[in-house]
There are 2 protein chains.
Amino acid sequence: METQTQHYVRRDERREMIAQAARDLLAEKGLAGLRTRDIAARVGISVSTLQFHVRSKAALLDFIAETTRDAFLALLPPEPDPAKDALLQLRAEVQAFHDSLIHRPDLAATFAQLEQAAGGQAGLAATMAEFKALWAGRYTRILTIGRDQGLFRPDMAPLPAAMMVTATLVAFQNRGPDGLTLFWPVYDEIQRALLAPTP
Amino acid sequence: METQTQHYVRRDERREMIAQAARDLLAEKGLAGLRTRDIAARVGISVSTLQFHVRSKAALLDFIAETTRDAFLALLPPEPDPAKDALLQLRAEVQAFHDSLIHRPDLAATFAQLEQAAGGQAGLAATMAEFKALWAGRYTRILTIGRDQGLFRPDMAPLPAAMMVTATLVAFQNRGPDGLTLFWPVYDEIQRALLAPTP
DNA sequence: AGACAAATCGATCAAATGATCGATTCATGG
DNA sequence: CCATGAATCGATCATTTGATCGATTTGTCT
């Protein structure tokens, strides 16, 4: 039961539908199996119409990257705040990522696929790099705040620690149904690894 | 200046040349851009000969996965030993991975690419899963040993911690020339995160 | 040397794939 | 209601790509 085929959708809306279908297919078949025909079919339009809205496949990948980045960033908690408890902010940030894996599994999967194609697409690589910098930056700030608050180890280096945390989170992408079993145990380990020792 | 084209190479040797060329191309173009013609050209044989040695592209991916797994495992240090210092063993393990990124960048890149294709190839997925279990298992054992030795935190959970370490290491794959700048700073952070607090 | 198996190649095929073009349909403002 | 532009479609193209087949060359064993 698909959404009733709806003719004559405005450009922006149609492009959004295309991006969503492309993300889903990217998560299912992988980049190597992404076909413009499949995307068009899932949207319910012809290949010609798809080409009309997105000139080429390269442009499509750029477009997917941008919309995926925006969609993911929109799911994140408020910006890190030095006045709030850093541990709570860290947990909220991780919780948001966890929720995204459950409710929007296409997002992380799309990132994973696009990263493999980034080597060869200048625009793509830029979008991906920008996103990763933004995302890791949030964790770096939270960790810095927490260290200043005395919650985390004084010898904790925020940037390396942020890379450790984000890398660990990303590893939970592309897993089967039971793939998230270890998510919170692993987060607990991260937390213990960051917290200042209590003498 | 290629290695002088050499006709009539025995099956096993030819298949090894094919696997190596495929790994290199996989690292360069990505899975989506992997073409049997390109592989054959790099090896210096015709597509027919390639097909003679490896039946299909699916079989090729399986074969690549197996040889890559073996090549990577061969680079690792001796098995974890409860009698030796766990921190030294951990560092040696990480050093081996670091060296592999420098001297055999095709290995990690190939794994990253194949993982994207694993969803859809039963045999591939099995090989990849087996490898990841083996690799993470080494770290789990080292961490357990170190905890028993009193070197690591008593509340450290070996399996989650091992996932954290391996995930962080993997994140250093597919980077540019300066991509390894933060490798050792990040490892130092991992080490600080694992070590038992000194009162 | 002769025979048999192994390895290689050139030619070719059928399907897949991204892209283009012209015609057609729908929406919307005047 | 009609004129203009936006959106959609069907047909078609040129290339790419994985795969097959038969013929040929090379190694090896006796």
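Computation of the quantities below employed the complete heavy-atom set of this structure, encompassing side-chain atoms and omitting hydrogens, waters and symmetry-equivalent molecules. Each chain gets a letter, A, B and so on, in the order its sequence line appears, and its residues count up from 1.
With B:Gln89 contributing its side chain and B:Lys84 its backbone, the two residues share a donor-acceptor pair below 3.5 Å.
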Could you list the protein-to-nucleotides 10-12 of chain D atom pairs, N/O on both sides, closer than 3.5 Å?
residue: D:dG10; atom: N7; partner: A:Ser48; partner atom: OG; Å: 3.3
residue: D:dG10; atom: O6; partner: A:Ser48; partner atom: OG; Å: 2.2

Tabulated below should be each protein N or O lying under 3.5 Å from an N or O of nucleotides 27-29 of chain D; please produce it.
residue: D:dT28; atom: OP1; partner: B:Arg10; partner atom: NH2; Å: 2.4

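If you take CD1 of A:Ile45 and P of C:dA19, they are 14 Å apart, rounded to a whole angstrom. Atom CG in A:Leu50 sits roughly 14 Å away from atom P in C:dT17 (whole-Å rounding). Atom CD1 in A:Ile39 sits about 12 Å away from atom P in C:dT17, given to the nearest Å. At whole-Å resolution of the value, CD in B:Gln51 and P in C:dC9 are 13 Å apart. Between A:Glu13 atom CD and D:dT8 atom C1' the separation is 15 Å, expressed in whole Å.
The structure places NE2 of A:His7 at 9.0 Å from OG1 of A:Thr49, a figure rounded to the nearest 0.5 Å. The distance from atom CD of B:Glu93 to atom CG of B:Leu88, rounded to the nearest 0.5 Å, is 13.0 Å. Expressed to the nearest 0.5 Å, how far CD of B:Gln51 lies from NZ of B:Lys57 amounts to 10.5 Å.
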Please list every donor-acceptor pair under 3.5 Å in which a side-chain atom of residues 157-168 of chain A meets a protein atom from a residue at least two apart or in another chain.
residue: A:Thr166; atom: OG1; partner: A:Ala162; partner atom: O; Å: 3.0
residue: A:Thr166; atom: OG1; partner: A:Met163; partner atom: O; Å: 3.2
residue: A:Thr168; atom: OG1; partner: A:Met164; partner atom: O; Å: 2.7

Side-chain donor-acceptor pairs of residues 74-83 of chain B under 3.5 Å, sequence neighbours excluded:
residue: B:Glu79; atom: OE1; partner: B:Arg141; partner atom: NH1; Å: 2.5
residue: B:Glu79; atom: OE2; partner: B:Arg138; partner atom: NH1; Å: 3.3
residue: B:Asp81; atom: OD1; partner: B:Ala83; partner atom: N; Å: 2.8

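Smallest separation of non-hydrogen atoms from B:Ala71 and B:Leu107: CB-CD2, 4.0 Å.
Closest to the side chain of A:Arg11, out of D:dA7, C:dT20, D:dG18, is D:dA7.
For residues 150-172 of chain B, every residue pair satisfying the ring-ring contact (aromatic ring centres under 6.0 Å, His included) rule, not counting sequence neighbours, is listed here: B:Phe172-B:Phe183. Residue pairs meeting the ring-ring contact (aromatic ring centres under 6.0 Å, His included) criterion with at least one partner in residues 39-73 of chain B, sequence neighbours excluded, are B:Phe72-B:Phe131, B:Phe72-B:Trp135. Pairs of residues two or more places apart, or lying in two chains, that qualify as side chain to side chain donor-acceptor pair (under 3.5 Å) and include a residue from residues 143-159 of chain B are A:Glu189-B:Arg153, B:Arg153-B:Asp155.
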- Take B:Ile45 and B:Val9 through the test side chain to side chain contact (heavy atoms under 4.5 Å, CB included) and record every step on the way to the result. CA-CA 11 Å; B:Ile45 58 181; B:Val9 176; over 6 Å; no
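Between A:Thr49 and D:dA7, a side-chain N or O to OP1/OP2 separation shorter than 4.0 Å is absent. Residue B:Arg14 places at least one side-chain N or O closer than 4.0 Å to OP1 or OP2 of C:dT8.
Applying the 6.0 Å contact sphere to CZ of B:Arg11 captures more than 12 heavy atoms from other residues, nucleotides or ligands.
DNA chain C lies under 4.0 Å from no heavy atom of any residue of residues 20-28 of chain B. Less than 4.0 Å separates DNA chain D from at least one heavy atom of each of the following residues of residues 52-67 of chain B: B:Ser56, B:Lys57. Looking at residues 109-128 of chain A, you'll see that no heavy atom sits under 4.0 Å from any atom of DNA chain D.
A salt bridge links B:Arg104 with B:Asp106: at least one charged nitrogen is closer than 4.0 Å to a carboxylate oxygen.
Residues that satisfy the side chain to side chain contact (heavy atoms under 4.5 Å, CB included) test with B:Gln173, not counting sequence neighbours, are B:Ala108, B:Ala112. Not counting sequence neighbours, the partners of A:Glu115 by the side chain to side chain donor-acceptor pair (under 3.5 Å) test are A:Lys132.
Using modelled atom types, one finds a donor on one side chain and an acceptor on the other under 3.5 Å when comparing A:Arg23 with A:Thr67.
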